[in-house]
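The structure appears right after this line, and notes come after that.
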Amino acid sequence: MIIVKDLHKTFENNHVLRGIHYHVHQGEKIVVVGPSGSGKSTFLRCLNLLETPTRGEIWFDGQLITDPKTSINKVREHMGMVFQNFNLFNNLTIMENITLAPTKLKIMSKEEASENALQLLQRVGLAEKADAYPGQLSGGQKQRIAIVRSLAMNPRVMLFDEPTSALDPEMVGEVLDVMKGLAESGMTMVVVTHEMGFAREVGTKVLFMDEGIIMEENEPAEFFNHPKCERLQEFLSKVL
Amino acid sequence: MTEWFAKVEKLFTAAFITKDRWKLYFEGLGVTLEIAFFAAILGMIIGTVIALMKLSTTRNGKKTVLTVIANIYIDIIRGTPSVLQLLIMWFVIMKNSKNGVLIAVLSFGINSGAYVAEIVRAGILAVDNGQMEAGRSLGLSKAQTMCYIVLPQAVKNVLPPIGNEFIVLLKETAIVGYVSLTDLTRTANQISSRTYDAFMPLIGAAVIYFVVIKILTILLAQLERGLRKGDNR
């Protein structure tokens with residue numbers, strides 16, 4: 001579904017990604033872990049071109065999205081993204097946050113979008129917040145809304161950029177629960193996170209990134225119980 | 001003491017009452033407000049466009065030719081006195097036009113636009129970049145995200161300095177006396193030369209400016225409070 005070939009990204013003189021090759025298949029839940037500065041967020045942000053790769057190719061559903069001629073806005077309609085800092089639109093109500101993109105992009109009528117939004121809100125238990133503003137919500141609530149906002153576009157894949165890192169510890173669970181539910185529903189997901197429990201439980205593949213490359217990839221049980229490369233063993237000994 | 005009062009009363013009468021002179025002040029004020037109002041609107045439009053031009057980037061994040069144009073505009077306008085700009089507009093660019101107020105509106109609007117542009121640019125930059133990224137990640141274009149998400153938030157940021165700019169603009173229109181438009185300041189000046197008393201007309205005009213700007217300040221404060229409703233950040 002997503003094929004990444006020889007992906008490089010350089011900021012000024014900082015070579016962040018040094019040749020990433022990967023293939024995400026439909027329905028997989030890829031969890032990316034690694035020390036900070038390893039390039040995992042940059043990798044994720046390259047997938048929907050929030051960062052423009054310096055070199056390499058990214059294919060999404062058979063379309064070369066790194067080609068400048070590709071309409072990136074159209075591609076992004078099918079790739080949801082959830083950010084570390086939620087990034088809810090502060091000037092809009094929760095309902096408007098969710099319905100803005102589907103209506104402005106003429107994917108749904110206003111009524112359809114509202115109905116769809118209410119259903120999604122019910123799914124995450126926040127239907128009563130439809131008319132609230134983001135400033136009135138807790139971090140966990142904001143992140144659940146952010147997930148709903150992405151889902152409202154009916155994406156084919158969901159990207160999560162450290163979705164629980166900015167949350168108070170007691171709110172991490174509610175967000176992870178929503179993500180688990182989403183995983184069970186069959187959504188293809190790429191998740192950058194520090195939540196090893198989530199990686200082990202939900203991931204179909206776990207990737208370890210360091211120094212701008214994928215150092216190791218494996219199924220969760222193998223990945224955590226029998227790490228092969230030394231850097232990963234060291235990393236796991238610190239975080240587990 | 002009574003003598004002093006009698007003298008003040010005489011001057012006051014000469015400055016404001018005789019020949020219904022108070023009407024002249026309000027006619028002058030009308031010219032001042034007309035120029036300031038339309039120049040402010042023009043300045044806002046030009047300023048927003050210039051700010052967006054200055055912030056435009058290519059797909060790779062490079063500057064565009066629009067950025068260069070915007071910078072040249074801002075440099076020229078801020079680098080020359082506004083009186084001179086008015087004189088140039090009056091005697092050079094639009095020397096064939098009879099519509100003095102229009103010339104003044106254009107001149108002040110173009111001038112204000114350069115300052116508003118920098119205010120608006122700062123207001124846009126103060127909106128967290130995550131707002132733009134979130135909009136883009138949903139498939140909205142840069143223009144759509146700017147229009148529905150970033151600019152509405154930027155408006156809140158810029159209201160205090162924009163209010164400041166309006167006040168400066170309103171007072172700066174006093175220089176239209178240079179090109180024989182009869183605004184409030186010029187009216188006061190003309191009356192004082194007729195009554196041989198500078199004190200009453202000039203202080204009178206000053207009081208009128210003060211009251212108008214005080215009212216403007218109150219309205220802006222109310223607007224700001226209205227816009228801040230609903231966000232408890």
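Reckoned from all heavy atoms, side chains included, excluding hydrogens, waters and symmetry mates. The chains referred to below are lettered A, B, ... by the order of the sequence lines, with proteins before strands, and numbering in each begins at 1.
- Note that CG of L105(A) and CG of L140(B) are 5.0 Å apart. Values are rounded to the nearest 0.5 Å.
- Taking every heavy atom of both residues into account, Q131(B) and L88(A) meet most closely at NE2-O, 2.7 Å.
- Interface remark: of the candidates I72(A), T52(A), L159(A), L100(A), L100(A) forms the most heavy-atom pairs closer than 4.5 Å to chain B.
- For F37(B), the CZ atom is loosely surrounded, since the number of other residues' heavy atoms within 6.0 Å does not exceed 12.
- Both the backbone and the side chain of R149(A) come within less than 4.5 Å of a heavy atom in chain B.
- Counting non-hydrogen atoms of neighbouring residues, nucleotides and ligands closer than 6.0 angstrom, the CD atom of E115(A) reaches no more than 12 such neighbours.
- For F83(A), the part sitting under 4.5 Å from any heavy atom of chain B is the side chain, from C-beta outward, and nothing else.
- Considering all non-hydrogen atoms of both residues, N91(A) and P152(B) come closest at ND2-CB, 3.3 Å.
- Counting heavy-atom pairs closer than 4.5 Å to chain B, the top-ranked of the candidates L92(A), L50(A), V75(A) is L50(A).
- Shown here is K180(A), whose NZ atom has more than 12 heavy atoms of other residues, nucleotides or ligands within 6.0 Å.
- Side-chain atoms of N87(A) come within 3.5 Å of backbone atoms of G130(B) as a donor-acceptor pair (strictly under, hydrogens ignored).
- Rounding to the nearest 0.5 angstrom, the gap separating the OG atom in S137(B) from the CG atom in L49(A) is 12.5 Å.
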Note to self: Does R136(B) form a side-chain hydrogen bond (donor to acceptor under 3.5 Å, both in side chains) with N48(A)? I'd like the steps, not just the answer.
What the structure shows: CA-CA 9 Å; R136(B) 298 307 304 276; N48(A) 67 352; over 6 Å; no
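- A 6.0 Å sphere centred on CZ of F11(A) holds more than 12 heavy atoms belonging to other residues, nucleotides or ligands.
- In terms of heavy-atom proximity, A134(B) sits nearest to F89(A) at CB-CE2, 3.9 Å.
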Item checked: Chi angles and distances behind the side-chain contact (heavy atoms from CB on, under 4.5 Å) call for R45(A), E133(B) -> CA-CA 10 Å; R45(A) 290 161 57 83; E133(B) 287 189 343; 2.6 Å; yes
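- Proximity to chain B (any heavy atom under 4.5 Å) is restricted, for M79(A), to the backbone atoms N, CA, C and O.
- For residues 141-150 of chain B, the interface with chain A (any heavy-atom pair closer than 4.5 Å) comprises S141(B), Q144(B), Y148(B), I149(B), sorted by residue number.
- The nearest pair of heavy atoms linking A101(A) to L138(B) is CB-CB, 3.8 Å.
- Interface summary for chain B: among K74(A), K104(A), M81(A), the most heavy-atom pairs under 4.5 angstrom belong to K104(A).
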